[in-house]
There are 2 protein chains.
Amino acid sequence: MDSAIDTAPSTLKAGEPADRSLPAASSAGPAGGVKRKAGDIRDRLEQEIATGTHPAGERLDEQVIAARFGVSRTPVREAINQLVAGGLVERIPNRGAFVRAMGLAELVEMFEVMAELEAMAGRLAARRIDAAGAKRLETALVACEAAADREAHDAYYYENERFHEAIYDACGNAFLAGEARRLHLRLKAFRRLQLRFPHRMRQSLAEHRRIVAAIEAGDGPGAEAELKGHILVQGERFADLVATLKP
Amino acid sequence: MDSAIDTAPSTLKAGEPADRSLPAASSAGPAGGVKRKAGDIRDRLEQEIATGTHPAGERLDEQVIAARFGVSRTPVREAINQLVAGGLVERIPNRGAFVRAMGLAELVEMFEVMAELEAMAGRLAARRIDAAGAKRLETALVACEAAADREAHDAYYYENERFHEAIYDACGNAFLAGEARRLHLRLKAFRRLQLRFPHRMRQSLAEHRRIVAAIEAGDGPGAEAELKGHILVQGERFADLVATLKP
DNA sequence: AGCCATTCAATCGTATACAATCGACTTGAC
DNA sequence: GTCAAGTCGATTGTATACGATTGAATGGCT
């Protein structure tokens with residue numbers, strides 16, 4: 001992976017370490033204990049938005065936030081820019097930055113795309129999973145079952161994430177895994193609401209079982225179909241939820 | 001607990017932008033005479049990276065770029081951050097920003113995902129396209145044919161983009177369209193190389209015709225399959241290209 | 001009274017300045 | 001001759017300051 005695809009090798013300068021140790025990278029995670037203020041602020045704001053501390057439509061005042069975190073406006077601005085890139089926040093040129101109020105239509109669209117990516121990951125995983133990956137997948141499924149038996153919604157929510165993570169890891173496409181994680185994160189706040197539905201957790205668990213069965217049987221199309229339905233139903237459920245709250 | 005859904009207008013202040021005007025995020029075309037320097041610099045750098053002015057692995061010196069554009073380091077920094085978010089550039093904590101040298105494996109992965117998204121867009125477009133959208137699609141196809149007849153690679157490259165844009169617009173899923181555009185942009189530099197292959201342009205045109213036929217016939221699965229192949233072959237071709245250059 | 005122009009205030013985007021961090025080089029000892 | 005530690009330089013990341021643009025309010029005019 002170190003060898004880059006040199007589209008223009010002739011232009012490489014002699015004394016430049018252009019080909020030298022390009023960092024392994026690609027682990028987009030907030031690595032290590034570096035004291036990057038911007039990143040930390042971004043994470044905090046992300047969490048606060050997800051938990052509802054900042055309701056939709058609220059303006060994120062750079063100065064106020066800077067004061068709250070005891071930093072200057074610069075890292076706050078950078079953090080907000082990252083949120084804008086992530087789609088959680090919208091900037092209006094000289095008005096301010098606002099928490100995006102995602103409409104139902106957009107959410108359904110996002111679930112549609114999420115379903116496609118998850119289904120793709122499942123299809124690939126069915127062909128490419130190895131013994132270790134299968135082991136992790138089964139472990140995650142067992143953990144989901146345990147949480148479901150105890151009717152522990154929060155625990156199930158957490159284990160559910162682990163379960164899908166296991167599929168991402170097994171799909172053998174790191175880029176796909178990254179994109180899926182991005183979307184997963186963005187839909188986090190809405191996923192959580194799903195489990196409040198009466199039998200949603202048990203139904204979800206049953207779907208998980210069928211997904212694992214398909215993957216371990218090497219049934220790509222089957223895993224694809226199961227996962228697509230598994231995600232799409234969440235979008236539909238969410239539409240139902242909104243519909244019941246609307247009037 | 002407030003959800004991010006706009007079901008709670010009570011918290012909305014005076015003139016909140018609860019609308020869904022998605023400004024395509026990366027629009028900011030040069031049409032407007034606004035003096036947003038950061039966006040312009042981002043576009044320029046993007047183009048320069050795509051055209052090979054900045055080879056893979058090259059360091060993007062903020063000060064040098066700032067001097068080159070006659071601005072301060074701040075907008076340059078912001079532009080680079082946007083490129084990092086887009087995945088074209090990578091920051092190393094205290095080393096600098098480098099043009100990402102994407103390995104062949106990652107490129108193939110990206111083409112895989114791109115194929116899936118394009119195929120999805122085609123499938124949806126086959127069901128949802130309206131008369132105006134069909135008109136635009138046909139216009140784009142005719143433009144592609146004209147460019148191919150003249151063996152004008154650059155023109156075909158441009159019209160090809162328009163063609164795929166037409167599909168995105170017709171898919172009826174703005175979020176999907178945005179994601180597809182993002183990936184399309186990221187693969188821009190590599191797509192361009194495809195057309196250098198002897199008969200690639202004619203083959204591409206033939207695929208375009210079949211895609212349009214499937215979409216206009218309302219054949220969702222057909223359009224999906226055609227588009228998936230249309231994109232995947234590019235990944236394979238690229239792998240061939242690299243293989244021939246490797247030794 | 002209603003509409004329009006001007007003024008005003010607020011906020012963003014950019015410029016400049018400073019400090020912390022990391023790598024590379026030099027220098028010295030073993 | 002090799003290795004290690006210290007210093008230096010370079011670059012990022014952050015702080016502060018300034019100008020420009022925009023929305024809103026106020027006052028005058030029709």
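Numbered from 1 within each chain, the chains take letters A, B, ... in sequence-line order. Fair warning: this is a prediction, and the values are worked out from it, not measured in the lab.
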query = Quick one: the side chain of B:Arg73 and the base of D:dG13, do they pair up donor-acceptor inside 3.5 Å?
reply = yes

ask   = Does a side-chain heavy-atom distance below 4.5 Å link A:Thr139 with A:Arg162?
value = no

query = Whole Å only: how far is the CD1 atom of A:Ile41 from the C1' atom of D:dT14?
reply = 10 Å

key: Integer-rounded Å distance: D:dG13 C1' and A:Asn81 CG   = 15 Å

request  = Measure the spacing between CZ of B:Arg59 and CG of B:Asp61 and express it to the nearest 0.5 Å.
outcome  = 4.0 Å

query = Taking CD1 from A:Ile92 and C1' from D:dT21, how many angstroms apart are they, rounded to a whole number?
reply = 15 Å

note = Between NZ of B:Lys37 and P of D:dG19 the distance, given in whole Å, is 14 Å

key: Side-chain (A:Arg186) to main-chain (A:Gly86) donor-acceptor, under 3.5 angstrom   = yes

ask   = Does the side chain of A:Arg91 pick up a donor-acceptor pair with the side chain of A:Asn81 at under 3.5 Å?
value = yes

ask   = Between D:dG13, C:dA15, C:dT11, which one does the side chain of A:Asp61 approach most closely?
value = C:dT11

query = Please give, in whole Å, the distance from D:dT12 P to B:Arg95 CZ?
reply = 11 Å

ask   = Please give, in whole Å, the distance from D:dT12 C1' to A:Glu78 CD?
value = 11 Å

ask   = Between A:Arg59 and C:dT11, is there a side-chain N or O to OP1/OP2 distance below 4.0 Å?
value = yes

key: Closest to side chain of A:Thr74, choosing from D:dT12, C:dG13, D:dA15   = D:dA15

remark   = Rounded to whole Å, the CD-P distance (B:Gln63 to D:dG9) equals 16 Å

key: Value in whole Å for how far the P atom of D:dG13 lies from CG of A:Asp40   = 13 Å

